[in-house]
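Take a look at the structure below.
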Amino acid sequence: MPRFSVIVPAYKVQAYLSECLDSVLSQSYPDLEVIAVDDCSPDACGAIIDEYAARDTRVKPVHLAENQGLGRARNAGMAEASGDYLVFLDSDDTLTPDALRAVADRIKDSGEPDVLVYDYARTYWDGRTVRNQLSTQLTEEGPAPFRLADRPGLLRVLMVAWNKAYRREFVEAQGFAFPPGYYEDTPWTFPVLMTAESIATLDRVCVHYRQRRQGNILGTTSRRHFDLFEQYDRVFAFVDEHPELAAWRPELFRRMIDHYAVVFTKRGRLPRGSHGDFLRLARAHYLRHRVPGPRGGLRHTLVRHGLHRTFRALRLAAAVRRGAGRAAVKLARALRGRALRLHYRVQLRLPLRADRAVFTAAFGRGDPGALEEAFRTYAPHVRTAWIGHPEQQQAVPPGPRRLRPGSAACWTALARSKYLVHDTVLDRGLRKRRGQVVVQTRRGTPLKHMGLDLQERPAAARDTDFGELLREVDRWDHVLSGNRHSTLTWERVLPGRYTTLEHGAPRNDVLQRATTADVTRLRDSLGIPEGAVAILYAPTFRDHHRTQRPALDLERILRRLGPRFVVLARPHPAHGGSLGSGGRIIDVGGHPDVASLCLASDALLTDYSSIMFDYANLDRPIVVHTADLEAYEAVRGTYFDLRACPPGAVARTEDELIDIFATGHWRGSRSAQLRAAFRERFCPYDDGRAAERVVRRVVLGETELPPVIPLAERKPVPSACARSPLATVPQPSAPAPVTESH
C-alpha cells in the first residue's frame with residue numbers, strides 16, 4: 001500500500017502532461033502511485049500515459065471509453081487508488097521538488113489528519129511565479145490538527161481539490177465524489193472541509209498552478225459556466241442532509257454570491273447576450289438560499305435585485321472614471337515634472353554649500369552608507385542626506401536626512417551639495433556644477449565583465465547606452481577601489497578623468513570592527529539556533545536565464561548534511577523572489593544589511609557573486625558552486641579563472657557540494673590555504689579604516705593617511721562555528737586536494 005495515490009486526469013494537455021508526470025515521479029519521496037486517467041482525450045495524452053506506465057511500474061493507466069469531464073475522471077482515478085492519502089493534480093500543473101516529502105512529514109507530525117491543506121503558486125507563461133495571496137491562512141502556528149471551526153479562514157483559500165491531501169479512508173467513509181460539470185471542486189471542497197474531524201496545514205508551496213494563455217476551462221467562453229448554480233445547489237443540499245453543519249450556511253451563502261459576482265464580472269467567461277440570464281438565475285439562488293443577517297456590499301445588492309442594466313451602467317461609469325483619473329494623473333505628473341525642472345534650474349543659480357553631502361545606493365547601504373557614517377565621524381561639519389525610497393530607509397542607520405527621489409528637496413540637495421556619493425547611475429537630468437565632488441564607490445570587486453567590456457556581450461549588456469555610460473563617467477571625480485585588480489579594471493572599462501582611491505572597501509570596515517558579542521546578537525536576531533552551522537547562500541544574477549530559479553536544492557542539501565546545518569538564503573537583489581524558506585532555510589532576501597548576514601554566518605556558499613571578495617575579509621570558509629561556469633563565462637565573461645584561483649573549495653555538482661561539507665573539506669587546511677592567497681590578492685586594504693582614509697583624502701584634503709594594517713596583523717572576528725558541535729568533526733589527516741570537484 002503506497003503512502004500517496006496521485007490522481008492525474010488528462011484531457012487535451014499533451015504539451016504539459018509529461019512535465020506534470022515527471023514532477024511526480026521525480027519526487028524525493030518515492031512511496032507513491034500515479035493514477036493517470038485518459039479522459040478519452042483526442043490528442044496524444046493516452047499514448048503518453050502508456051509510455052510512462054511502461055517505464056515506471058508506479059504509473060497505473062486508466063483509459064475511459066468516452067469523455068466524462070474532470071470530476072468523473074477523478075472519480076475513476078479514486079476507484080483505482082490504494083494509497084493512504086489521495087492527492088489530485090491537474091495535468092497541466094506540477095508538484096514542486098520535495099513536495100510529497102514535506103507533505104508526508106507534516107502528516108506524520110500532525111497525527112494523520114483527514115485533510116492536509118498546502119500552498120500553491122501561480123506560474124505564468126512569461127516565467128513569473130506568484131504565491132497564493134492568502135498563504136497566511138496556512139500558518140503552522142497553533143495546535144494541529146484542528147477542525148474547520150477553529151480556522152474558518154481556510155474557506156477563503158482557493159476552493160480547489162489539488163491543494164490538499166485527503167486520507168482515503170475518510171473520503172470513502174463519507175462517500176465523497178466529484179459531480180459532473182464545470183466548478184466540480186465546489187461541491188467537493190466545502191463538504192470535505194466542513195466534515196473533516198481533523199485538518200492540518202502546510203505553509204509551503206507544493207503545486208505550481210499553470211496559468212495558460214489559452215485552453216484553460218474557466219477561461220473559455222461558454223454557457224457551461226451556468227453549471228455553477230447547480231454546484232451550489234449540491235453544496236446546500238449536503239448541508240440540509242447534515243443539520244449539524246447548518247451553522248456554516250451564512251458563510252457558504254456569502255461565498256456563493258461572491259463566486260457568482262466573479263463569474264459574472266470576469267470578461268470572456270459568459271457568452272455575449274447571456275449576462276442577463278445569468279444574473280436572473282443568480283437572483284433566484286439568492287432568494288432560495290439566503291440566510292438572515294447583514295446584507296453584503298454592492299455586489300450582493302446587484303445580485304439580490306438582478307440589476308443587470310444597473311451593473312453595466314456602473315461598470316461603464318467606472319471605466320470612464322478610471323480613464324479620466326489616468327488622464328488627470330498624467331497631466332498632474334507632467335505639470336509636476338515641469339515645476340521640478342524649473343525649481344532645479346533656480347537652485348543651480350544659488351551658491352554651492354560646502355558643508356552638505358548627499359548619499360545614495362542601489363541596494364541596501366553598501367559603500368555609500370559606510371562613507372556617510374565616516375563623514376559624520378571625521379568631518380562632522382558636513383551635514384549629510386540620504387536619497388532613497390521609503391522601503392529602502394531601513395537599510396540606512398539613523399543620522400542622515402531622508403530625501404525621497406524626485407522631490408523638490410532632493411533636487412535642491414543635488415543642486416547645492418558639494419559632495420555627491422553613490423554606487424549607481426545619477427539622474428540624467430543632473431548637471432554637475434563647478435566645485436561639486438562626485439564619488440563613485442562601485443559595488444564590489446569585479447569578477448564578471450563590466451563597462452565597455454560588455455560591448456561584446458549583448459545578452460549581458462541588454463539595452464546599455466555606452467555613450468550615455470561614458471557621459472556618466474565624465475561626472476566622476478573619484479572612484480573607490482579595494483585592490484589593484486579593481487583599479488586596473490575600472491580604469492580600462494570605465495575610462496575617464498577621475499582619480500582612483502585604492503584605499504579599500506568602506507562597506508567592509510564593519511567586518512573588521514565587529515565583536516563576538518555582535519555576532520551572537522545578529523545570529524539571535526535571524527533565528528539561528530544555538531550551536532548550528534549557518535551557511536550563507538548568495539548566488540549571483542544570471543544574464544542567460546530569463547527566470548532566476550534556484551540552482552541548488554537547498555532542502556535536499558540540508559537533509560543530507562543533517563540537523564546541525566542551517567542556510568541563510570539570500571537571492572541577488574535583482575532576483576525579486578525567494579530561494580526558499582521554512583524549516584532550516586531562513587529567507588534573508590529582505591534583510592537590509594549584507595554585512596550583518598556575513599557576520600552571522602559560519603561559511604559562505606556562492607557561485608560568481610562579488611560577495612566572495614567581501615566575505616574573504618572574515619577569514620571564514622568559502623565554497624564555490626560552478627555548475628554552469630562555462631555558460632556564465634560565455635554570456636557574461638569573467639576577468640580570471642575562478643576554478644584556478646578560488647577562495648576555497650570548488651564544487652561542480654550538487655553532490656560534490658554536499659560531499660565538501662559532509663567530509664569537512666570546506667574548512668580543511670587546503671581550503672584555508674586557498675582563502676589566504678585570495679585574501680592577499682583582493683583584500684590588502686580592508687583593515688577597518690577604508691572609509692576614514694577616503695574622508696580624510698576627499699573632504700579634509702589630507703595626504704598623509706592612516707597606514708594600512710597588514711593582513712597578518714588583523715584579528716578576524718570569531719564565528720559561532722568554533723563553538724558548535726561541528727567543531728568535533730574530524731578533519732582530514734592530510735591536506736585534501738581542492739580540485740575542480742573539491
Side-chain angles (χ1 to χ4, degrees), residues 3-4 29 84-88 95-96 98-121 130-171 174 176 185 188-207 209 242 244-252 254-255 524-530 532 554-555 558-559 563 566-567 569 578 580-590:
R3 186 59 162 164
F4 295 108
Y29 191 89
D84 295 331
Y85 277 82
L86 303 175
V87 173
F88 298 101
L95 291 180
T96 60
D98 299 309
L100 291 184
R101 181 174 294 278
V103 171
D105 291 344
R106 182 59 177 164
I107 286 175
K108 181 179 179 181
D109 294 342
S110 56
E112 308 282 318
D114 292 336
V115 181
L116 176 72
V117 186
Y118 42 80
D119 207 4
Y120 67 93
V130 181
R131 188 173 182 179
N132 164 33
Q133 295 180 352
L134 296 175
S135 59
T136 54
Q137 298 292 337
L138 302 180
T139 177
E140 297 171 28
E141 298 178 1
F146 52 84
R147 297 197 65 176
L148 184 61
D150 301 317
R151 297 268 291 274
L154 284 178
L155 288 181
R156 297 172 54 201
V157 179
L158 190 64
M159 286 290 105
V160 289
W162 45 255
N163 63 349
K164 305 170 185 71
Y166 311 86
R167 191 166 58 84
R168 184 169 60 89
E169 291 181 354
F170 160 70
V171 171
Q174 296 294 332
F176 290 127
D185 287 340
W188 163 278
T189 309
F190 283 122
V192 163
L193 289 178
M194 291 186 297
T195 307
E197 293 291 335
S198 55
I199 303 173
T201 57
L202 174 61
D203 187 10
R204 183 190 192 278
V205 172
C206 295
V207 177
Y209 177 27
H242 298 78
E244 70 276 10
L245 302 179
W248 290 107
R249 290 186 66 92
E251 180 62 25
L252 294 174
R254 286 190 291 270
R255 292 302 309 275
D524 290 343
S525 67
L526 293 170
I528 300 174
E530 184 176 357
L554 298 180
E555 292 188 354
L558 288 174
R559 283 199 309 274
V566 298
V567 169
S578 170
S581 62
R584 290 182 287 136
I585 301 176
I586 303 174
D587 182 6
V588 294

Original post:
Which residues pass the side-chain contact (heavy atoms from CB on, under 4.5 Å) test with Asp84, sequence neighbours left out?
Top reply: Met1, Arg3

Subject >> Partners passing side-chain contact (heavy atoms from CB on, under 4.5 Å) against Pro563 (at least two apart in sequence or in another chain) >> reply: none

Can you name the nearest heavy-atom pair linking [X] to [Y], along with the distance?
X: Ile585; Y: Ala569; answer: CG2-CB, 4.1 Å
X: Val87; Y: Ala165; answer: CG2-CB, 4.1 Å
X: Thr189; Y: Ala161; answer: OG1-N, 4.2 Å
X: Glu112; Y: Ser198; answer: O-OG, 4.3 Å
X: Ala102; Y: Arg204; answer: CB-CD, 3.5 Å
X: Asp203; Y: Ser135; answer: OD1-O, 4.1 Å

Original post:
Which residue pairs pass the ring pair (Phe, Tyr, Trp, His ring centres under 6.0 Å) test when at least one of the two sits in residues 139-165, sequence neighbours left out?
Top reply: Tyr120-Trp162, Trp162-Tyr209

Are [X] and [Y] close enough that some pair of their side-chain heavy atoms sits under 4.5 Å apart?
X: Arg584; Y: Val567; answer: no
X: Tyr85; Y: Leu116; answer: no
X: Glu251; Y: Met194; answer: no
X: Leu95; Y: Val207; answer: yes
X: Val171; Y: Leu86; answer: yes
X: Leu154; Y: Thr201; answer: yes
X: Trp248; Y: Leu148; answer: yes

**OP:** Have a look at Tyr166 and tell me which of Phe88, Phe176, Tyr118 forms a ring-ring contact (aromatic ring centres under 6.0 Å, His included) with it.
**Re:**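 One option only clears the test, and that one is Phe88.
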
**OP:** For the pair Gln174 and Val192, evaluate side-chain contact (heavy atoms from CB on, under 4.5 Å) and give the outcome as yes or no after the intermediate values.
**Re:** CA-CA 9 Å; Gln174 296 294 332; Val192 163; over 6 Å; no

Looking at [atom1] of [X] and [atom2] of [Y], how far apart are the two atoms once the value is rounded to the nearest 0.5 Å?
X: Ile586; Y: Leu554; atom1: CD1; atom2: CG; answer: 12.0 Å
X: Ile107; Y: Leu202; atom1: CD1; atom2: CG; answer: 9.0 Å
X: Asn132; Y: Asn163; atom1: CG; atom2: CG; answer: 8.0 Å

**OP:** Mind jotting down which residue pairs meet the salt bridge (charged side-chain N to carboxylate O under 4.0 Å, His left out) criterion with at least one end in residues 142-161? Sequence neighbours excluded, please.
**Re:** Arg147-Glu197

Subject >> Residue pairs fulfilling salt bridge (charged side-chain N to carboxylate O under 4.0 Å, His left out) with at least one residue in residues 160-169, sequence neighbours excluded >> reply: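 Residue pairs passing salt bridge (charged side-chain N to carboxylate O under 4.0 Å, His left out), neighbours aside: Asp114-Arg167, Arg167-Glu169, Arg168-Glu172.
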
Subject >> Ring centres under 6.0 angstrom apart (Tyr29, Phe4) >> reply: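 Centroid separation for Tyr29 and Phe4: below 6.0 Å.
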
Subject >> Any pair counted as side chain to side chain donor-acceptor pair (under 3.5 Å), so long as it reaches residues 99-109, sequence neighbours left out >> reply: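 Non-adjacent pairs meeting side chain to side chain donor-acceptor pair (under 3.5 Å): Ser28-Arg101.
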
Original post:
Quick one: does Ser110's side chain have a donor or acceptor within less than 3.5 Å of a partner on Pro145's backbone?
Top reply: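 No, Ser110 side chain to Pro145 backbone: no donor-acceptor pair under 3.5 Å.
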
